[in-house]
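Okay, so here's the structure we're looking at.
Note that these values count all heavy atoms, side chains included, but never hydrogens, waters or copies made by symmetry.
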Amino acid sequence: MKLFIVDDHQLFIDGMRHLLGHLDGVSVIEECTRAEEAIERLEAEDSFDLVLIDLGMPGMDGLAILQRLRETGSGTPVVVVSAEEDIARIGHALELGALGYIPKEQSAIDMLHAVKQVLSGEIYVPDPVRERLSLYQSRRHPEHGT
């Protein structure tokens, strides 16, 4: 299994590399610290089993990566791993095709569980974030006639 980590903090990448190395079947973990470089690599090589991206990066951010993948019709599965708390941005990432949102505040065990869940074909969003998303969406799109 080939994973790609995109985050502007090398220490976080190093920690994720170590953590994800505990998953069965992970053979290659690639990394980059700039969204522009990530887009170039993803356009040149569409063979990643999973891409983990941060939303909050300087310059071009994780939403730009998701937008570009959507524009090119890439089927590369992407999960957001971020400290982002803006529910609108999290919702936008999911609308652009992210298969999950993993808060950086989660424990290593929860992180591994989330990645396994996504790799098994499910979408991962922790319950507190799912509840906030539901509330946000109901406020954005109130039902007519109620």
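- Side-chain N/O atoms of S74 and T76 include a donor and acceptor closer than 3.5 Å.
- Using a 4.5 Å heavy-atom cutoff, the side chains of R68 and E43 are in contact.
- In this structure, CE in M57 is found 9.0 Å from OG1 in T33, a value given to the nearest 0.5 Å.
- Of the possible polar contacts, one joining the R17 side chain to the I29 backbone as a donor-acceptor pair under 3.5 Å is found.
- Nearest heavy atoms, D7 versus I13: O-CD1, 3.3 Å.
- Atoms OH and CD1, on Y124 and I102 in that order, are 7.0 Å from each other to the nearest 0.5 Å.
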- prompt: Can V118 and L50 be said to form a side-chain contact (heavy atoms from CB on, under 4.5 Å), step by step?
  reply: CA-CA 9 Å; V118 169; L50 184 63; 4.0 Å; yes

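- Using a cutoff of 4.0 Å between basic side-chain nitrogens and carboxylate oxygens, R140 and E95 are scored as salt-bridged.
- Taking the charged nitrogens against the carboxylate oxygens, E84 and K104 have no contact shorter than 4.0 Å, which rules out a salt bridge.
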- request: Decide side-chain contact (heavy atoms from CB on, under 4.5 Å) for V6 and D54; before the verdict, give the C-alpha distance in whole Å, the side-chain angles of both, and the deciding distance to 0.1 Å.
  value: CA-CA 6 Å; V6 183; D54 187 6; over 6 Å; no

message: Checking M60 against I39 for the side-chain contact (heavy atoms from CB on, under 4.5 Å) test, could you report, in this order, the C-alpha distance in whole Å, the side-chain angles of both residues, the deciding distance, and whether it holds?
response: CA-CA 10 Å; M60 187 180 287; I39 290 171; 3.3 Å; yes

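- Side-chain contact between I5 and L20: present, with at least one pair of heavy atoms (C-beta onward) separated by less than 4.5 Å.
- Using a 4.0 Å cut-off between a side-chain N of Lys or Arg and a carboxylate O of Asp or Glu, D24 and K116 do not qualify as a salt bridge.
- Using a 4.5 Å heavy-atom threshold, the side chains of V115 and L112 count as separate.
- Using modelled atom types, no side-chain atom of D110 and backbone atom of H113 make a donor-acceptor pair closer than 3.5 Å.
- Side-chain contact between M16 and E31 is absent, with no heavy-atom pair separated by less than 4.5 Å.
- Across all their heavy atoms, V79 and Y101 have their closest contact at CG1-N, 4.4 Å.
- One finds the SG atom of C32 at 9.0 Å from the CD atom of E40 (value rounded to the nearest 0.5 Å).
- At least one side-chain heavy atom of D8 sits under 4.5 Å from a side-chain heavy atom of P58.
- Both I123 and I65 sit in one connected hydrophobic cluster of ILVMFWY residues. Membership requires side-chain heavy atoms under 4.5 Å apart, directly or through other members.
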task: Evaluate side-chain contact (heavy atoms from CB on, under 4.5 Å) for V80 paired with L66, printing each intermediate quantity in order.
output: CA-CA 10 Å; V80 172; L66 286 163; 4.3 Å; yes

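- Shown here for E85 and R132, the closest heavy-atom pair between the two residues is O-NH2, 2.7 Å.
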